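What follows is a short report on a single structure.
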Amino acid sequence: MKNIITIGASSSKSSINKILAEYTGGLLNNVNLIKVDLNAFEMSLFSVDIENERGFSKATIALNAVFEKADGCIVSLAEHIGAYTAAFKNSYDWLSRMDGKVWRNKPMLLLSTSPGARGGQSVMELALSRFPYSGGKIVGSMTFPSFYDNFKNGEIVNSDLKINLLDHLNNFEKAI
Ligand SMILES: Cc1cc2nc3c(=O)[nH]c(=O)nc-3n(C[C@H](O)[C@H](O)[C@H](O)COP(=O)(O)O)c2cc1C
């Protein structure tokens with residue numbers, strides 16, 4: 001059975017991106033879903049000095065091991081001031097020091113959502129241009145706008161968005 005990791009790229013306990021990534025992963029059949037919560041892998045703020053003095057933390061080694069065993073990933077990006085959240089960027093920095101190909105060239109479905117109408121489009125553009133250099137094999141991407149209007153009681157209530165997501169998920173399923 002394929003190991004698929006879901007990540008909400010946020011440290012918010014009530015992360016809407018974590019909800020969207022896990023919801024999307026839950027639509028897949030016959031996979032082993034590994035739900036990554038960045039709060040379970042808390043790392044010090046990256047610095048080359050800490051790296052030189054202390055090496056990699058247990059959390060970094062553990063998260064790297066999760067990425068190592070993934071056959072594919074569903075990542076949903078939270079947007080803070082048009083960019084990655086500090087928590088995600090920090091994990092990304094640390095992981096990149098263990099293996100520059102953070103995403104291991106495994107198929108990735110890349111999502112983003114926010115309460116606003118752009119659905120995290122700026123952070124999406126950032127990741128679309130950057131992740132491929134870190135081994136990101138993006139087989140589909142979708143911004144999900146106005147999360148609280150379009151996702152209610154654990155379900156997508158906007159049928160166009162649901163169809164679009166299922167379409168991307170179908171392509172992802174074929175790629176893994
Ligand atoms: C510091 C900060 C900056 C934010 N900047 C943006 C932004 O640039 N664009 C946006 O759409 N939403 C922005 N938001 C709102 C987030 O999209 C919203 O908090 C969302 O819930 C974050 O995703 P999460 O729940 O997965 O953490 C910002 C929120 C915070 C706290």
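Along the sequence shown, residues are numbered consecutively beginning with 1. Both counts, for ligands and for their atoms, begin at 1 and track the order of listing. As the structure is a prediction and not an experimental result, all values here were calculated from the model.
With respect to atom 31 (C) of ligand 1, the closest heavy atom belonging to the protein is His80 NE2, 3.7 Å. Among all non-hydrogen protein atoms, the one lying nearest atom 20 (C) of ligand 1 is Pro115 CD, 3.8 Å. Looking at atom 28 (C) of ligand 1, its nearest protein heavy atom turns out to be Glu79 O, 3.6 Å. Protein heavy atom at the shortest distance from atom 27 (O) of ligand 1 is Ser10 OG, 2.6 Å. Protein heavy atom in closest approach to atom 21 (O) of ligand 1: Ile16 CD1, 3.6 Å. The protein heavy-atom contact nearest to atom 5 (N) of ligand 1 is Ile81 N, 2.8 Å. If you check which protein heavy atom lies closest to atom 23 (O) of ligand 1, you get Asn17 ND2, 3.2 Å.
A salt bridge (charged side-chain N to carboxylate O under 4.0 Å, His left out) with Glu68 is found for exactly one of Arg104, Lys101, Lys106, namely Arg104.
Residue Gly82 places at least one N or O, backbone or side chain, under 3.5 Å from an N or O of ligand 1. Residue Gly120 has no N or O atom closer than 3.5 Å to an N or O atom of ligand 1. Among the atoms of Ser114, some N or O lies under 3.5 angstrom from an N or O of ligand 1.
Considering Ala78, Ala87, Ser15 only, the shortest heavy-atom separation from atom 22 (C) of ligand 1 involves Ala78.
Linking ILVMFWY side-chain heavy atoms closer than 4.5 Å, directly or via other members, places Ile176 and Leu111 in a single hydrophobic cluster. Both Val66 and Met98 belong to a common hydrophobic cluster when Ile, Leu, Val, Met, Phe, Trp and Tyr are linked at side-chain heavy-atom distances under 4.5 angstrom.
Remark: Asp93 does not engage Arg97 in a salt bridge, criterion side-chain N to carboxylate O under 4.0 Å.
Residues passing the ring-ring contact (aromatic ring centres under 6.0 Å, His included) test with Phe56, sequence neighbours excluded: none. Ser47 meets the side chain to side chain donor-acceptor pair (under 3.5 Å) test with no other residue; sequence neighbours excluded.
Close contacts of ligand 1 with Ser12, meaning ligand atoms under 4.0 Å from a residue heavy atom, involve 27 (O).
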